[in-house]
Amino acid sequence: MYETMVMARHYEERLQEEYLEGKQPAFDISAGPIPGELHLAAGHEASGVGVCHHLRAEDSVTAPHRPHHIAIAKGVDLKAMTAEIFGRETGLSGGKGGHMHLFDPDVNFACSGIIAEGCPPAVGAGLDAKKRNADDVAVAFLGEGAIDQGAFLESLNLASVQNLPVVFVIEDNDWAISMPKERVTDVTNGAQRAAGFDLPGTRVDADDVIAISDAATDAIGRARDGNGPSLLEVQVHRRMGHFMGDAEGYRPDADKDAATRRDAIERLETKLRANDIDDETFDELRSRARDRVEEAIEWAKEQPEPEPSAAYEDVFSSPPSEEPERAPSVADTGGED
Ligand SMILES: Cc1ncc(C[n+]2csc(CCOP(=O)(O)OP(=O)(O)O)c2C)c(N)n1
Ligand SMILES: [Mg+2]
């Protein structure tokens, strides 16, 4: 778990560097090797790793717009994922989905930029497992800013009434873009939402990967054993802006400092040292994690960009095979009037 957390953190730090290339001095969101928005998940690692650590490739995971730590922990192909983020042809979706729309059917992972959107598909995956009599589990991750969305609440209800093997995981980082949690809900413990659907709900108050993993053992074990869904809320921290380029003018310095100090990776390191893990082992784990990230980024940057014509592939409507029929215009007739 330590190695995966370090890998996820290093990945975000390297993407941050790559993303900023070419976007200065005036912030041009379309410039540079990673065009478009980028939501980094540094500070969320304990959640993705503590939960996905218990999953197999057959289990399904849906993630929100801040997905990288979850995708890495679920075992999404790091090279193909990186190529996708860089908009390259060999990316998971041919470079057309980008960082918020990673899709890897080999490990049953998907994410979406629409908040709470991952909940209904996770319920669908749970229903599918039940109908197949398989012990596969589905996990839907969402932010605390999404817990009032109808898609989430309706999914809790359907999963409960159908007794489906689904675990909902709320990542509470105290912020939804610039909106502090206390301004949008009076419910400080999001796991209490479970009571309204007669489900077990648990909140893990610290971003401690061991505590999260313990809570996930219960929730996932329960789902796998046919005992139905549950809700887990975990406290995480947003170490960076909501998206790259966010100046965070709305965020008190003290809040950001507190998020930086509460580092889940350091917390785990302290625990491991108390269990006699030595420097040499840490160095080995860190360098293996970093090497994998560097290798994926170097590989992705060498990949070709998609042909413009690929924009017409994998879409619901066919490309126009010939010019649409229309009445001749003045230009077509040489403007003879
Ligand atoms: C249905 C929907 N409404 C609004 C948005 C715009 N939006 C993008 S991220 C976000 C806030 C998400 O906050 P939270 O769920 O707490 O996740 P976090 O960014 O903190 O990880 C919003 C409102 C969206 N993507 N989808
Ligand atoms: Mg949030």
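Every heavy atom of this structure was used, including side-chain atoms; hydrogens, water molecules and symmetry mates were not. Positions are given from 1 along the sequence. Both counts, for ligands and for their atoms, begin at 1 and track the order of listing.
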Worked check of side-chain contact (heavy atoms from CB on, under 4.5 Å) between Phe86 and Glu302: CA-CA 10 Å; Phe86 280 77; Glu302 286 165 5; over 6 Å; no
Shortest protein heavy-atom distance from atom 2 (C) of ligand 1, along with the residue and atom involved: Ile115 CG1, 3.6 Å
Whether Gln235 side chain and Asp172 backbone form a donor-acceptor pair below 3.5 Å: yes
Among Arg193, Gln192, Arg203, the one residue meeting side chain to side chain donor-acceptor pair (under 3.5 Å) with Glu233: Arg203
2.8 Å cut-off met by an N, O or S atom of Ala176 to the Mg ion (ligand 2): no
Geometric N/O contact His44 with ligand 1, under 3.5 angstrom: no
Structural part of Gln149 in contact with ligand 1, heavy atom criterion under 4.0 angstrom: side chain
Near-ring test Phe168/Phe141, centroid separation under 6.0 angstrom: no
CA sep, side-chain torsions, deciding dist, call: Arg224, Asp59, salt bridge (charged side-chain N to carboxylate O under 4.0 Å, His left out): CA-CA 10 Å; Arg224 222 183 271 299; Asp59 297 324; 2.7 Å; yes
Proximity of His101 and His65 rings by center, below 6.0 Å: no
N/O donor-acceptor pair under 3.5 Å between Asp225 side chain and Asn227 backbone: no
Residue Gly113 vicinity, atoms of ligand 1 by number, heavy atom under 4.0 Å: 24 (C), 25 (N)
Atom 12 (C) of ligand 1 [closest protein heavy-atom partner, distance rounded to 0.1 Å]: His65 CE1, 3.7 Å
Under-4.0 Å heavy-atom contact with ligand 1, by part of Ile114 that carries it: both
Contact partition for His242 relative to ligand 1, non-hydrogen atoms under 4.0 Å: side chain
Leu285 backbone acceptor or donor facing Glu3 side chain under 3.5 Å: no
Backbone N/O of Gly124 and side chain of Asp128: donor-acceptor pair under 3.5 Å: no
From Ser112, Ala146, Ala176, Ala116 - option closest to atom 13 (O) of ligand 1 by heavy atom: Ala176
Atom indices of ligand 1 within 4.0 angstrom of Gly145 heavy atoms, with elements: 14 (P), 15 (O), 16 (O)
Heavy-atom nearest neighbour in the protein, as seen from atom 11 (C) of ligand 1, with distance rounded to 0.1 Å: Ile177 CG1, 3.6 Å
Proximity of Arg66 to ligand 1 by residue part, where a heavy atom lies under 4.0 Å: side chain
Where ligand 1 meets Asn173 - atom numbers and elements under 4.0 angstrom, heavy-atom basis: 18 (P), 20 (O), 21 (O)
Exercise check, heavy-atom protein proximity under 4.0 Å to atom 6 (C) of ligand 1: no
N, O or S from Asp174 under 2.8 Å to the Mg ion (ligand 2): no
Contact atoms of ligand 1, heavy-atom distance to Gly143 under 4.0 Å: 14 (P), 15 (O), 16 (O), 17 (O)
Asp253, CG atom: more than 12 neighbouring heavy atoms under 6.0 Å: no
Proximity of Arg238 to ligand 1 by residue part, where a heavy atom lies under 4.0 Å: neither
Euclidean distance, Ser93 OG relative to Asp314 CG, rounded to 0.5 Å: 8.5 Å
Trp175 neighbourhood, listing ligand 1 atoms whose heavy-atom distance to it stays under 4.0 Å: 16 (O), 20 (O)
Apex the Mg ion (ligand 2) - arms OE1 from Glu144 and O from Trp175 - angle rounded to 10°: 110°
Spacing of Leu40 atom CG and Phe243 atom CZ [to the nearest 0.5 Å]: 11.5 Å
